[in-house]
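Heads up, the thing below is written out as structure tokens.
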Amino acid sequence: VRAAYARLGLAAPHLHREPDDHIGLELEFLAQGCLRVLDAREDGHADESHQTLAIVANFLRTHVLAWAPSFLSRVSEQAQTSFMKGVALVTIATLDEFDRCLDSVT
């Protein structure tokens with residue numbers, strides 16, 4: 001996870017005090033990567049955009065999708081509020097849709 005973050009010049013904010021692979025941090029990494037893809041495209045840097053998108057897609061597919069859907073399903077099942085259940089289910093659906101969208105551009 002640290003190596004993937006470093007590829008985009010990022011690091012977990014509380015290094016050595018909190019897990020680098022917290023779901024929130026990993027989702028933030030994906031979001032930051034997407035923003036960088038858009039910025040590179042707007043600036044006319046197609047190669048940088050493609051490289052960053054490849055990093056994001058690889059991280060999503062080799063790491064996030066390997067564990068997050070199962071984790072989020074458990075969150076949904078054990079949630080004590082409809083809000084938390086909804087957050088977990090929406091996150092699963094968003095990750096699935098993001099993966100499908102990446103198929104058309106990677």
Side-chain angles (χ1 to χ4, degrees):
V1 171
R2 284 183 190 163
Y5 292 175
R7 290 182 75 189
L8 294 185
L10 301 171
H14 303 289
L15 201 58
H16 304 294
R17 290 184 287 151
E18 292 179 0
D20 297 355
D21 62 351
H22 185 283
I23 184 81
L25 293 177
E26 294 195 5
L27 295 174
E28 176 68 15
F29 173 81
L30 295 172
Q32 288 296 319
C34 288
L35 289 172
R36 289 173 186 220
V37 168
L38 293 173
D39 287 344
R41 285 186 181 180
E42 284 180 7
D43 294 341
H45 302 294
D47 287 344
E48 180 183 341
S49 175
H50 290 292
Q51 289 171 353
T52 303
L53 189 59
I55 292 168
V56 169
N58 183 60
F59 186 75
L60 175 72
R61 292 175 174 151
T62 63
H63 184 70
V64 177
L65 291 178
W67 71 274
S70 174
F71 167 75
L72 292 164
S73 291
R74 288 192 311 274
V75 169
S76 173
E77 292 166 5
Q78 297 178 19
Q80 296 184 10
T81 66
S82 297
F83 176 79
M84 285 308 300
K85 181 176 182 133
V87 167
L89 293 173
V90 166
T91 304
I92 292 168
T94 301
L95 291 171
D96 288 343
E97 184 63 21
F98 185 37
D99 186 34
R100 278 192 290 279
C101 289
L102 287 171
D103 280 339
S104 67
V105 296
T106 57

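Just so you know, these numbers come straight off a predicted model, no measurement behind them.
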Does any part of the side chain of Glu28, heavy atoms only, come nearer than 4.5 Å to the side chain of Leu10, both counted from C-beta? no
Within this structure, what is the SG-CG distance for the pair Cys34 and Leu102, rounded to the nearest 0.5 Å? 7.0 Å
Verify the cluster assignment for Phe71 and Leu25: are they in a single hydrophobic cluster under the rule of side-chain heavy atoms below 4.5 Å apart? yes
Is a donor on one side and an acceptor on the other found under 3.5 Å between the side chain of Ser104 and the backbone of Cys101? yes
Nearest 0.5 Å, what's the CD-CG distance between Glu97 and Asp99? 9.5 Å
Once rounded to the nearest 0.5 Å, what's the spacing between atom CZ of Arg36 and atom CD of Glu48? 9.0 Å
Just wondering, more than 12 heavy atoms not from Gln80 lying within 6.0 Å of its CD? no
If you take all heavy atoms of Phe98 and Val56, which pair is closest and at what distance? CZ-CG1, 3.7 Å
Note, Phe29 side chain near His63 side chain (heavy atom, < 4.5 Å): no
If you take all heavy atoms of Ala88 and Leu72, which pair is closest and at what distance? CB-O, 3.4 Å
hydrophobic_cluster_shared for Phe59 and Trp67, side chain cutoff 4.5 Å: yes
Would the distance check show the side chain of Thr91 and the main-chain N or O of Val87 forming a donor-acceptor pair, the cut-off being under 3.5 Å? yes
Answer with yes or no whether the hydrophobic clustering places Val37 together with Val105; edges join I, L, V, M, F, W, Y residues whose side-chain heavy atoms lie under 4.5 Å apart. yes
Closest non-hydrogen atom pair, Thr52 against Gly33: CG2-O, 3.6 Å
Between Arg41 and Leu53, is any pair of side-chain heavy atoms under 4.5 Å apart? yes
What one should report as the nearest heavy-atom pair of Leu95 and Ala68 is CD1-CB, 4.1 Å
Can you tell me how far OG of Ser49 sits from CG of Leu38, rounded to the nearest 0.5 angstrom? 7.5 Å
Minimum heavy-atom distance between Pro69 and Ile92, given as atom pair plus value: O-CD1, 4.0 Å
Decide yes or no for Leu27 and Thr94: does some side-chain heavy atom of the first lie under 4.5 Å from some side-chain heavy atom of the second? no
Note: Arg74-Glu77 ion pair, threshold 4.0 Å (strictly below): no
Check: Arg7 side chain, Ile55 main-chain N or O, donor-acceptor pair, under 3.5 Å: no
